[in-house]
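These numbers were taken from a predicted model, which means no experiment stands behind them. We're numbering straight along the sequence, starting at 1.
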Amino acid sequence: MKVVLFCGGLGTRLREYSTNIPKPMVHIGYRPILWHVMKYYAHYGHKDFILCLGYKADVVKNYFLNYDECVSNDFTLQEGGKKIKLANSDIEDWKITFVDTGLTSNIGQRFKAIEEYLEGEEVFLANYSDGLTDLHLPDIIEDFHKHNKIASFLCVKPSHSFHLVSMQENGLVTDIEDVKTSGIRINGGFFVFHRDIFKYIEPGEELVLEPFQRLMKLQQLVAYKYNGFWACMDTFKEQQQLDDMYCQGNAPWAVWKLLERKAKFLEYSPIHHVATHSIPVNLA
């Protein structure tokens, strides 16, 4: 299944970084958040990516054109550096299509600009490229097919800390509630779409405004409620929090790490060693 990634935003709330690089290229650990999002999808077998580029598109292109596998993989250096043997690889089986969708385009415009690259795809995935989750991706895809609708998105609790205020017309406060304990949910930026979604987007429209309003009226939009880990990187503080989590080995979104640890455990497990290295026995 193809994955559409919106990578063209300015990231104005991340000015500490975004004056030099586009928001999806801001790093968490050794790699940009865009890589973490792509690695997440690739873990579940979705390795055909379409990048909707805009602001500083050259930075994204050059990053992958000069991609260094050694940064995030174990390797063996031989012959004084003339030969490098990778223990594993990140992107050798990825297919990445780079599309310039306009410097100032909104999400809806960027989406329409890559429609031709989804020819023949009945269902596909999409992402804002600024959020991370430990969601078991097949669950939301299965839920989408079960409902048989045009669009679905991940629905999560806000990660921000603020209070909701209820008040009367005369200004008297009737209630103050922490947003995290309220029933409010937000769009988590992980989408599943049927290709009919393009029929509901008019030129210049934002994706979740007019098009989603039309889908709601036709009962063609569903939300997948999720209470597990989800975090968005909108501000410098949030980038620092995610970076700290990754550096401390506490990165719930890195679902691929669990598979890597399991593989290493099986490789060095005494039980596995005995099971895979049989001892010849003379039965004569």
Side-chain angles (χ1 to χ4, degrees), residues 2-42 46-72 90-92 94-118 124-133 159 187-191 201 203-209 231-247 251 253-254:
K2 290 188 177 182
V3 185
V4 177
L5 299 174
F6 303 111
C7 311
L10 296 175
T12 54
R13 284 178 287 181
L14 271 167
R15 289 191 183 278
E16 291 84 353
Y17 297 101
S18 60
T19 54
N20 299 313
I21 59 175
K23 181 181 178 182
M25 297 305 293
V26 174
H27 276 226
I28 296 175
Y30 298 113
R31 299 289 192 189
I33 189 171
L34 176 62
W35 177 89
H36 289 264
V37 173
M38 296 172 77
K39 187 77 171 177
Y40 168 83
Y41 281 106
H46 308 289
K47 304 177 182 181
D48 192 342
F49 302 98
I50 301 173
L51 305 190
C52 302
L53 305 177
Y55 177 68
K56 292 190 177 293
D58 60 310
V59 175
V60 182
K61 293 176 181 178
N62 288 329
Y63 177 78
F64 286 102
L65 285 172
N66 301 289
Y67 190 82
D68 185 357
E69 290 277 14
C70 297
V71 172
S72 51
D90 293 324
I91 71 170
E92 71 174 7
W94 293 7
K95 177 183 177 182
I96 310 174
T97 301
F98 301 82
V99 185
D100 192 340
T101 57
L103 184 62
T104 60
S105 302
N106 61 36
I107 297 294
Q109 291 172 308
R110 297 190 192 284
F111 201 22
K112 287 288 286 184
I114 55 87
E115 182 176 359
E116 62 181 289
Y117 295 96
L118 291 165
F124 56 92
L125 307 169
N127 196 288
Y128 284 152
S129 303
D130 63 359
L132 300 168
T133 183
S159 58
N187 170 15
F190 286 70
F191 302 94
I201 307 175
E205 291 183 342
E206 261 289 5
L207 176 62
V208 300
L209 296 180
C232 187
M233 191 190 71
D234 267 338
T235 65
F236 176 73
K237 179 181 178 181
E238 290 168 341
Q239 185 277 334
Q240 290 292 294
Q241 290 172 339
L242 290 170
D243 191 58
D244 288 345
M245 291 175 68
Y246 186 83
C247 293
W253 67 87

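Rounded to the nearest 0.5 Å, atoms CD1 (Ile21) and OH (Tyr55) are 9.0 Å apart. Rounding to the nearest 0.5 angstrom, the gap separating the NZ atom in Lys56 from the CE atom in Met25 is 12.0 Å. If you take NZ on Lys112 and OG1 on Thr101, they are separated by 14.0 Å, rounding to the nearest 0.5 Å.
Ile96 places a side-chain heavy atom less than 4.5 Å from the side chain of Met38. With a 4.5 Å cut-off on side-chain heavy atoms, Phe124 and Ile50 do not count as touching. Residues Ile114 and Thr97 have side chains not in contact (no heavy-atom distance under 4.5 Å, counting atoms from C-beta outward). Using a 4.5 Å heavy-atom cutoff, the side chains of Pro24 and Val60 are not in contact. Side-chain atoms of Leu5 and Phe49, non-hydrogen and from C-beta on, do get closer than 4.5 Å to each other.
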If you apply the rule side-chain hydrogen bond (donor to acceptor under 3.5 Å, both in side chains), what do you find for Trp94 with Tyr67, and how did you get there?
CA-CA 12 Å; Trp94 293 7; Tyr67 190 82; over 6 Å; no
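Among all heavy-atom pairs drawn from Val4 and Cys52, the shortest one is CG1-SG, 3.6 Å. Annotation for Phe64 and Ile91: closest pair CD2-CD1, 4.4 Å, computed over non-hydrogen atoms. Residues Asn106 and Gly108 share a closest heavy-atom pair of OD1-N, 3.0 Å. For Asp243 against Gly29, the heavy-atom pair with the smallest separation is OD1-N, 2.7 Å. In terms of heavy-atom proximity, Ala231 sits nearest to Leu242 at CB-CD2, 3.9 Å. The two residues His27 and Gln239 have their closest heavy-atom pair at O-NE2, 2.7 Å.
Arg110 places a side-chain N or O within 3.5 Å of a backbone atom of Gly8 that can act as its donor or acceptor partner. Side chain of Gln109 to backbone of Pro203: no donor-acceptor contact under 3.5 angstrom is found. Here the side chain of Lys2 pairs a donor or acceptor atom with the backbone of Tyr117 at under 3.5 angstrom.
For Tyr246, the ring pair (Phe, Tyr, Trp, His ring centres under 6.0 Å) criterion is met by His36, not counting sequence neighbours.
The side chain to side chain contact (heavy atoms under 4.5 Å, CB included) test with Lys23 is passed by exactly one of Ile33, Asp234, Leu34: Asp234. Results of the ring pair (Phe, Tyr, Trp, His ring centres under 6.0 Å) test with Tyr128 over Phe190, Phe111, Phe191 single out Phe191 as the only residue that passes.
For the residue pair Asn127 and Tyr41, a side-chain donor N or O sits within less than 3.5 Å of a side-chain acceptor on the partner.
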